[in-house]
Structures are given as C-alpha cells and as structure tokens.
Amino acid sequence: MEDLNGTVAVLTGGGSGIGRATAHALARRGSKVIVSDIDTERAKVVAEEIEAGGGQAEGVRCDVSLKEDVATLAEATLREYGRVDIVMSNVGVIAKGDPLDIPFDAWESIVDINLLGTVRVLQSFLPMLIEQGSGHVVTTGSTASLFPYAYDRLPYVATKAAVLALTESLALYARPRGIEVTCFCPAGVMTNIVEQIRQYGPATPVQSPQLAVISAEDAAELLVQGILGNKLVVLTDPLAESMIQRHAADRDTFLTSQIRYLDEASGER
C-alpha cells in the first residue's frame, strides 16, 4: 500500500494507547478512520480529536469478545463507506502472576479476547477484503511472541504467539489474493495497558525485555511505515531483531541467558 489518502481504516481497541495513536497516524495521512473500542466514550473522544485536526473519523462501540459486535462493525463500515482498506485488530489484556497462581478461567478469558477476538475480526472483515481483491490486515502481537523474556504473563504470551503464527500463516493465503498482512510486535510502549492487567497471587516484579521503551505515537509511526512498506512483522526496537536471531540460532543458550538476566534483575531489586 503506497498511499493512504482516501482509504478506509477500522481499528478495534482504538480508544487508547497504540490504537489511538495509530488512528491519529492514519488520519494524518488521509484515511477515514472508524475507531472502535469497548469503551464507547473513549472511541468517540479519539474520533473527535481526529476531526478537530481536520480528519474524518467515527467512534463506535465494539466488544471483540462478541461475534455479533464485530459483525455489526463490519456491516456498518460496508454500509457507510462501501469498502474497507485497513483492518487493525488491536485488543489485548494481561493476566499477571506466578504461573501457579493464574486460574483457568483467567486463561479462558485471555484466549477469548486476545486470540479469538482477532479471529472474530478476521472472520467478519476478511471476506470483504477478498471480494475487493485488496486491503491490509494488521494484527497486534508482542515482542513476547518472538522469544522468551517473562514467565509472569503466560496467557498473554501464549495468545500473542498464536496471533503471530496465525498472521504469518494467513499471509500465505492472503497475499496471493491481493491482501497484505502485518503483525505488529511492540516491545516497551508507554500506554495505559496497566488498566487491563489482572494480578493473581502476590505481586510479582515487572519482567521486561532488554529493549527501549517508546511512546505510543512513535510506535504508531513505525507501524504505519510498516503498512506502507507491506512488512510482515513490525518491531519497535532494532535490538529485537538480533535477539530473535540469537533465539533462533540456539534456543537453549538463549533461554539460559534469559534466566541469568531475570536472576540478576531480581537481585538488583
């Protein structure tokens, strides 16, 4: 996709954080943006911000855990604009704690939102893109999808790894049909995701990769450049690429180094 001017973009989880920043970044380049979020007020505020800046946007409610909500979002987009060019699935929640403390129902909830939420978006929007023979799907993974650096959020890690695998395999089907596919795998990004964290058991120290923390706005710019460049995976820190290579070359050695890193980081606290 070389030019975003005049395109129609739909985002889930667009009311804050990376979703909000990406909605603004797309709007600045001329996209008509449908901002959806489970928090209707937040979605509408983002749309109002975009329109105040001269863009075109609409804020609507969508709960990605409900198939009917996502289907309604797709139908409304088609009815209003007659097409969709960019679809970004960007909802993610975290259950945090010692692996033995996170209950099964938390696992079920995280899988339903992070993974099956993405599936619902694809099932509702992909047929539209296939019929058009054009468009771009963006899913939101994580650096946690790429190599092990934390054990305190296993449901999140598992679902984001699944989203990455789903996206790469989907590309085998979508690209020959004119649909580009990108998985955004951010590392540290300053957002309000802490609002979505559910802590189980005693609070555990925050485990984070040895990567830079950047603003949501900078992350969104990297993602938009990835969309324009039709990149399959977009990272937020070049160092992550070398860590991916080290992990792929020798998983056991990499795991040993990560255990040592966590031990040292824990000792510093």
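Keep in mind that the numbers below use all heavy atoms, side chains included, and drop hydrogens, waters and symmetry copies.
Cluster membership check: Val119 shares its hydrophobic cluster with Val10, using side-chain heavy-atom separations under 4.5 Å among Ile, Leu, Val, Met, Phe, Trp and Tyr. No continuous path of ILVMFWY side-chain contacts below 4.5 Å connects Leu66 to Leu115, so the two sit in separate hydrophobic clusters. Side-chain heavy atoms closer than 4.5 Å link hydrophobic residues (I, L, V, M, F, W, Y) into clusters, and following such links, possibly through other members, connects Val84 to Tyr81. When hydrophobic clusters are built by joining Ile, Leu, Val, Met, Phe, Trp and Tyr residues whose side-chain heavy atoms come closer than 4.5 Å, directly or via intermediates, Val45 is not grouped with Val33. A chain of hydrophobic side-chain contacts below 4.5 Å, direct or via other Ile, Leu, Val, Met, Phe, Trp or Tyr residues, connects Phe184 to Ile214.
Annotation for Gly92 and Asn114: closest pair CA-OD1, 3.2 Å, computed over non-hydrogen atoms. When every heavy atom of Ile102 is checked against every heavy atom of Ala95, the shortest pair comes out as CD1-O, 3.7 Å. The two residues Ala47 and Glu58 come nearest to each other via the heavy atoms CB-C, 3.6 Å. For the pair Gly15 and Val35, the tightest heavy-atom approach, listed with the atom from each and the gap, is N-CG1, 4.2 Å. Listed here is the closest heavy atom pair of Phe125 and Ala74: CZ-CA, 3.5 Å. The two atoms that bring Ala9 and Leu26 nearest to each other are CB-CD1, 3.8 Å, heavy atoms only.
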task: For side-chain contact (heavy atoms from CB on, under 4.5 Å), just list the numbers for Leu78 and Met128, CA-CA rounded to whole Å, side-chain angles, deciding distance to a tenth of an Å, and then say yes or no.
output: CA-CA 8 Å; Leu78 188 60; Met128 297 163 58; 3.9 Å; yes
message: Run Asn90 and Thr12 through side-chain hydrogen bond (donor to acceptor under 3.5 Å, both in side chains) and show every step you take.
response: CA-CA 5 Å; Asn90 181 57; Thr12 64; over 6 Å; no
query: Can you check side-chain contact (heavy atoms from CB on, under 4.5 Å) on Arg83 and Ser134, steps first, answer last?
result: CA-CA 10 Å; Arg83 62 181 294 108; Ser134 66; 3.7 Å; yes
- request: Walk me through it: do Val60 and Leu73 pass the test side-chain contact (heavy atoms from CB on, under 4.5 Å)?
  value: CA-CA 8 Å; Val60 298; Leu73 178 64; 3.7 Å; yes
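With Thr143 contributing its side chain and Ala187 its backbone, the two residues share a donor-acceptor pair below 3.5 Å. Ser31 places no side-chain N or O within donor-acceptor distance of the main-chain N or O of Ala27, the cut-off being under 3.5 Å. Put simply, the side chain of Ser242 gets close to the backbone of Leu239: a donor and an acceptor are under 3.5 Å apart. Using a distance-only test at 3.5 Å, with no hydrogens or angles considered, no donor-acceptor pair links the side chain of Ser89 to the main chain of Thr139. The backbone N or O of Cys62 sits nowhere less than 3.5 Å from a side-chain atom of Asp69 that would complete a donor-acceptor pair. In this structure, the side chain of Ser145 engages the main chain of Lys160 through a donor-acceptor pair within 3.5 Å.
You'll find the side chain of Asp101 reaches within 4.5 Å of the side chain of Pro202, heavy atoms only. Here the side chains of His247 and Pro148 are in contact, with some heavy-atom distance below 4.5 Å. Under the 4.5 Å side-chain criterion, counting only non-hydrogen atoms from C-beta, Cys185 is in contact with Leu146. Taking the side chain as every heavy atom from C-beta outward, Leu232 and Glu168 approach each other to under 4.5 Å. Looking only at side-chain heavy atoms (C-beta outward), Trp107 and Leu154 come within less than 4.5 Å of each other. Annotation: side chain of Val163 is not in contact with side chain of Thr140 (no heavy-atom distance under 4.5 Å). Two residues are said to be in side-chain contact when any heavy atoms from C-beta on lie closer than 4.5 Å; Ile179 and His136 fail this criterion. At least one side-chain heavy atom of Leu223 sits under 4.5 Å from a side-chain heavy atom of Val138.
Connectivity analysis of hydrophobic side chains (ILVMFWY, heavy atoms under 4.5 Å, direct or indirect) links Ile259 to Leu255.
Taking CD of Gln258 as the start and OH of Tyr149 as the end, the distance is 10.0 Å to the nearest 0.5 Å. Within the model, atoms CG of Leu11 and OG of Ser36 stand 7.0 Å from one another, a figure rounded to the nearest 0.5 Å. The CD1 atom of Ile50 sits 9.0 Å away from atom CZ of Arg28, with the distance rounded to the nearest 0.5 Å. The distance from atom OG1 of Thr159 to atom CG of Leu164, rounded to the nearest 0.5 Å, is 11.5 Å. Atom CG of residue Leu235 and atom CG of residue Leu211 lie 9.0 Å apart, to the nearest 0.5 angstrom. How far CZ of Phe254 is from CD1 of Ile244: 9.0 Å, rounded to the nearest 0.5 Å.
Heavy atoms of other residues, nucleotides or ligands lying less than 6.0 angstrom from CG of Asp105 number more than 12.
Between Arg61 and Asp37 no salt bridge is recorded (no basic side-chain N to carboxylate O distance below 4.0 Å). Checked for salt-bridge contact, Glu180 and Lys231 miss the test: no charged N lies under 4.0 Å from a carboxylate O. Taking a cutoff of 4.0 Å between a charged side-chain nitrogen and a carboxylate oxygen, Lys96 and Asp152 qualify as a salt bridge. Salt-bridge check for Arg20 with Glu217: passed, with a basic side-chain N closer than 4.0 Å to an acidic carboxylate O.
Figure legend: cation-pi geometry between Arg177 and Tyr173, with NZ or CZ positioned under 6.0 Å from the six-membered ring centre and within 45° of its axis.
Defined by atom type and a distance below 3.5 Å, a donor-acceptor pair is missing between the side-chain atoms of Ser65 and Arg120. With hydrogens and angles left out, the side-chain atoms of Thr7 and Asp85 include no donor and acceptor closer than 3.5 Å.
Scored by the side chain to side chain contact (heavy atoms under 4.5 Å, CB included) test, Arg29 finds Leu4, Ala25, Glu221, Val224, Gln225, Leu228 as partners (sequence neighbours excluded). Applying the side chain to side chain contact (heavy atoms under 4.5 Å, CB included) criterion to Leu122, with sequence neighbours excluded, gives Thr118, Val137, Leu166, Leu170.
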